[in-house]
Asker: 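My questions all concern the structure below.
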Protein chains: 2
Amino acid sequence: MVVTSRDVAKLAGVSQPTVSRALRDDPRLSAATKERVRKSAERLGYVPSDVGRALSSGRTRRIGLLLTDLENQFYPHIIAPAHHQLESRGYHLMLHTESADNEVVAERLISHGLDGVILATSTIDSVVPLRLRDRGLPFVYFNRTSLGVHADSAVVDPTQGMEQAAEALVDRGHRRIAGIFGPANTSTALDRELALREALAHHGISIPGHYVHRGPFDTATGYDGTQQLLRLPEPPTAILCGNDVVAFGALNAARVAGVDVPGDVSIIGFDNLPTASWPIIRLTTIAYDLDAMVRRAADLLIQRIEKPDLPFEKASFPSRLVVLDTLGTAS
Amino acid sequence: MVVTSRDVAKLAGVSQPTVSRALRDDPRLSAATKERVRKSAERLGYVPSDVGRALSSGRTRRIGLLLTDLENQFYPHIIAPAHHQLESRGYHLMLHTESADNEVVAERLISHGLDGVILATSTIDSVVPLRLRDRGLPFVYFNRTSLGVHADSAVVDPTQGMEQAAEALVDRGHRRIAGIFGPANTSTALDRELALREALAHHGISIPGHYVHRGPFDTATGYDGTQQLLRLPEPPTAILCGNDVVAFGALNAARVAGVDVPGDVSIIGFDNLPTASWPIIRLTTIAYDLDAMVRRAADLLIQRIEKPDLPFEKASFPSRLVVLDTLGTAS
DNA sequence: CTCAGATGTGCATACGTATGCGATATACTA
DNA sequence: TAGTATATCGCATACGTATGCACATCTGAG
């Protein structure tokens, strides 16, 4: 039914191993033989089976990208650069979207025979990294890291961005500043909150408890948090959001509440998604080089796969404030 | 190094095939043996190798989803339902994002040993369907279809939605109606354009050539097209866009041009993406049940895989107009 | 003319699992 | 008690490719 290397071998008058070697351009074979094999392969429409290859070689050249919540606008933007970087280095991307982070997911990743995994939605208490480590399956943290299991990582350093944001806010007279952060079990949420608090502290400002909301990195979190903040007797004049998607929710809540942005309240995001700079949105946000970060994560993982004994590396990417229309002076 | 079924067999004091059967709950084995094997497997942390399983059984239970351009807001929304539907039927989703549609892509799909493929970004002249058919690899068209190769498909019927849009426009006094459609080599672009033209014809309206733009289903197409339309000596009072993403671009162009929506021009999209109903956007658009369509595509493909001889089926999903804020009366 | 070295190819086997079929033991029937 | 059916499991092998090693052929030097 399906054409195998044996069929090609028969047609070319060589052995099956010779077909294998010829198509992978083994230097020990003569040019004439290679050519003959190639011709035969093409004539039969032969396509090597990755499954056979994987079983025999013990490597699949496939790398998993573990995500939750692809509907979140953030994640799709890491797929294309990851795909390209991996392809350019001879690996294939295999996307796994799982809503949970548990033993089943870990088993699934292991059973697929991946050469490595990029973890993009780890929580600090994820179980997946533990299982992968036990199994000896290489992985890299992207964006978020986990506690307990050390590994290579590519992350954002929110410090500079938050310092610039704090300064920009203070310069415009803001003192009542609120934060709608991500889930408390993610490293990104914690890092950003800490960076913001430290930056504000330099200006003698702190964020009181009733100005703090936390939740998943989605629009609902931004919407609900903003709705509640705007109802306070003394609402904040600025809201810093855990990421752009949260900020979009905040913009929506402000619109529904009839509150002008940035006239009545300023809103700042994080990630600088393409959507943020749409003319109908023009969100002020904190930017970093997402593509470079993705490529770095891919490279770190491949390095780990090919040279397992190197020390772990943490690649940190700087951030900066991008001022568009949702930042104004305090009323 | 890695635990195999043989290791489990040795520990449980049975043969390797017995391990295979026990873990897949073969009714021929005694409950006692199964239990003993399960215990041993757990103790060793055994995870069956998909690679070995695939080679032996000839099936991977993996289904590919072929996409281009994941950065387009539309595509991420089909991944989650596809994933869930396939998992519920014992298959795994493997995402393939390719920028092109060519022989290389087809070979890649074939070599991966997939059991089937969902084609979500076919053009009418795609080569992939040809190769898959030649290879006997089952596939289903999602959303877009291709000419030449017949197969199962799940698509939108734009007729009702376009009729409702035409009526809504005419009722509001619109006569100068423009269209920014998708690429001329996609079935969706053609279907929608045709449906719109027919619907308008019922009201005695036609779309003149200078009111028509075409391009990829992205924001740039909507932006550029709208920019040009608004510059015309007699600009249209309404613009119907090939999909929501194009419409977002149109909204952006109107904003930059200082043109009020819907005061000066009405804009209508297609797809009803979550973003379309954001309070800061509130795009009037044509909706359909995207999730159901995805699930149907998955089911059709699985049916094709498991019962290859059934006649091809075309699942068509109705559409309807959702009126929000970007539709107004003609000025 | 012989032999070391280089070059090119085949043989045997391994990878991990699934499955047809046969073997053994047990239960049941007449 | 013999024979048949049933339950339970192992043996042998297949799946498609890669790779260590042996073998054969050829080249060129001494």
Side-chain angles (χ1 to χ4, degrees), chain A residues 1-38 40-41 44-62 90 107 110-115 135-137, chain B residues 1-38 40-41 44-62 90 107 110-115 135-137:
Chain A
M1 171 86 194
V2 168
V3 181
T4 74
S5 59
R6 256 179 267 272
D7 302 322
V8 177
K10 194 172 295 175
L11 179 62
V14 297
S15 71
Q16 176 270 323
T18 297
V19 173
S20 168
R21 288 192 253 256
L23 296 180
R24 281 173 310 116
D25 210 31
D26 191 309
R28 301 183 308 171
L29 294 195
S30 71
T33 304
K34 283 182 192 171
E35 190 49 31
R36 198 148 34 90
V37 171
R38 260 194 282 269
S40 305
L44 295 178
Y46 169 68
V47 178
S49 154
D50 276 4
V51 176
R53 181 170 287 177
L55 187 60
S56 180
S57 68
R59 296 175 315 135
T60 58
R61 299 199 76 81
R62 277 200 296 253
E107 280 213 1
I110 291 168
S111 76
H112 276 74
L114 302 167
D115 286 355
R135 192 69 183 197
L137 180 52
Chain B
M1 172 84 196
V2 169
V3 181
T4 74
S5 57
R6 254 178 270 270
D7 302 323
V8 177
K10 193 171 297 175
L11 180 62
V14 298
S15 71
Q16 175 270 324
T18 297
V19 173
S20 168
R21 288 192 251 255
L23 296 180
R24 281 172 312 115
D25 209 29
D26 190 309
R28 300 185 309 169
L29 294 194
S30 71
T33 304
K34 283 182 192 172
E35 191 47 33
R36 198 149 34 89
V37 170
R38 260 195 283 267
S40 305
L44 295 177
Y46 170 68
V47 178
S49 155
D50 276 4
V51 176
R53 181 170 287 178
L55 187 60
S56 180
S57 68
R59 294 176 317 134
T60 57
R61 300 199 76 81
R62 277 201 295 254
E107 281 213 2
I110 292 168
S111 77
H112 277 75
L114 302 167
D115 285 354
R135 193 68 182 199
L137 179 53

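We use all heavy atoms of the structure for the numbers below, so side chains are in, but hydrogens, waters and symmetry mates are not. Values in this document were obtained by computation on a predicted structure and should not be read as measured data. Per chain, numbering begins at 1; letters A, B, ... match sequence-line order.
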Asker: Of the nucleotides dG8(C), dG10(D), dT17(D), which has the atom closest to the Thr33(A) side chain?
Answerer: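 The answer is dG8(C).
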Asker: I want to confirm an ordering. Mapping Arg59(A) and Ala31(B) to their closest nucleotides on DNA chain D, which one lands closer to the 5' end?
Answerer: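 Looking at the nearest nucleotide for each, Ala31(B) comes out on the 5' side.
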Asker: With sequence neighbours left out, write down each residue that passes side-chain contact (heavy atoms from CB on, under 4.5 Å) with Ser5(B), or none if nothing qualifies.
Answerer: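 With neighbours one apart ignored, the set is Gln16(B), Val19(B), Tyr46(B).
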Asker: Using OP1 and OP2 only, check whether a side-chain N or O of Ser15(B) sits under 4.0 Å from dG10(D).
Answerer: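 For Ser15(B), the contact criterion (side-chain N or O under 4.0 Å from OP1 or OP2 of dG10(D)) is met.
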Asker: Could you tell me which residues satisfy side-chain hydrogen bond (donor to acceptor under 3.5 Å, both in side chains) with Thr33(A), sequence neighbours excluded, listed by chain and number?
Answerer: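 Only Ser30(A) meet the side-chain hydrogen bond (donor to acceptor under 3.5 Å, both in side chains) criterion with Thr33(A).
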Asker: Name the residue closer to the 5' end of DNA chain D, choosing between Leu29(B) and Leu55(A) according to the nucleotide with the nearest heavy atom.
Answerer: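 The 5'-side residue here is Leu29(B).
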Asker: Taking the side chain as everything from C-beta on, heavy atoms only, tell me whether Asp50(B) gets closer than 4.5 Å to Thr60(B).
Answerer: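 With C-beta onward as the side chain, the pair stays apart.
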Asker: Does anything in residues 17-28 of chain B reach DNA chain D, meaning a heavy atom under 4.0 Å, and if so which residues?
Answerer: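 Pro17(B), Thr18(B), Arg21(B), Arg28(B), in order of number.
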Asker: Give the rounded distance in Å between these two atoms: CG of Asp50(B) and C1' of dC15(D).
Answerer: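 From Asp50(B) CG to dC15(D) C1': 15 Å.
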Asker: Of all heavy-atom pairs between Arg62(A) and His112(A), which one has the smallest distance, and what is that distance?
Answerer: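 Minimum heavy-atom contact is NH2-O, 3.8 Å.
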Asker: Distance check: side-chain N/O of Arg53(A) vs OP1/OP2 of dG16(D), anything under 4.0 Å?
Answerer: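 No, because none of the side-chain N or O atoms of Arg53(A) sits under 4.0 Å from OP1 or OP2 of dG16(D).
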Asker: Quick one: side-chain hydrogen bond (donor to acceptor under 3.5 Å, both in side chains) partners of Arg24(B), sequence neighbours excluded?
Answerer: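 If we apply the side-chain hydrogen bond (donor to acceptor under 3.5 Å, both in side chains) test to Arg24(B), skipping adjacent residues, the hits are Ser20(B).
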Asker: Taking only N and O in the side chain of Ser5(A), is any of them less than 4.0 Å away from OP1 or OP2 of dT17(D)?
Answerer: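 Checking Ser5(A) against dT17(D): at least one side-chain N or O falls below 4.0 Å of OP1 or OP2.
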Asker: Please report, rounded to the nearest Å, how far the C1' atom of dC15(C) is from the CG atom of Asp7(B).
Answerer: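 So the CG-C1' distance, Asp7(B) to dC15(C), works out to 13 Å.
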Asker: Report the distance from atom CG of Leu55(A) to atom CZ of Arg53(B), rounding to the nearest 0.5 Å.
Answerer: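 The CZ atom of Arg53(B) is 13.5 Å from CG of Leu55(A), to the nearest 0.5 Å.
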Asker: Both Ser30(A) and Gln16(A) contact DNA chain C. Which one's nearest nucleotide lies toward the 5' end?
Answerer: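 Result of the comparison: Ser30(A).
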Asker: Take Arg38(B) and Leu23(B), measure what side-chain contact (heavy atoms from CB on, under 4.5 Å) needs, and give me the verdict at the end.
Answerer: CA-CA 7 Å; Arg38(B) 260 195 283 267; Leu23(B) 296 180; 4.0 Å; yes
Asker: Between the opening five pairs and the closing five pairs of the helix from dC1(C)-dG30(D) to dA30(C)-dT1(D), how far apart are the helix axes, to 10°?
Answerer: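 Roughly 60°, once rounded to the nearest ten degrees.
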Asker: How close do Ser111(B) and Val47(A) get, heavy atom to heavy atom, and via which atoms?
Answerer: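 Reported closest heavy-atom pair: CB-CG1, 3.5 Å.
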Asker: How long is the line joining NZ of Lys10(A) and P of dG10(C), in whole Å?
Answerer: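 Answer to the nearest Å: 14 Å.
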Asker: State which residues pass side-chain hydrogen bond (donor to acceptor under 3.5 Å, both in side chains) with Ser15(B); sequence neighbours excluded, sorted by chain then number.
Answerer: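 Ser15(B): side-chain hydrogen bond (donor to acceptor under 3.5 Å, both in side chains) contacts with Thr18(B).
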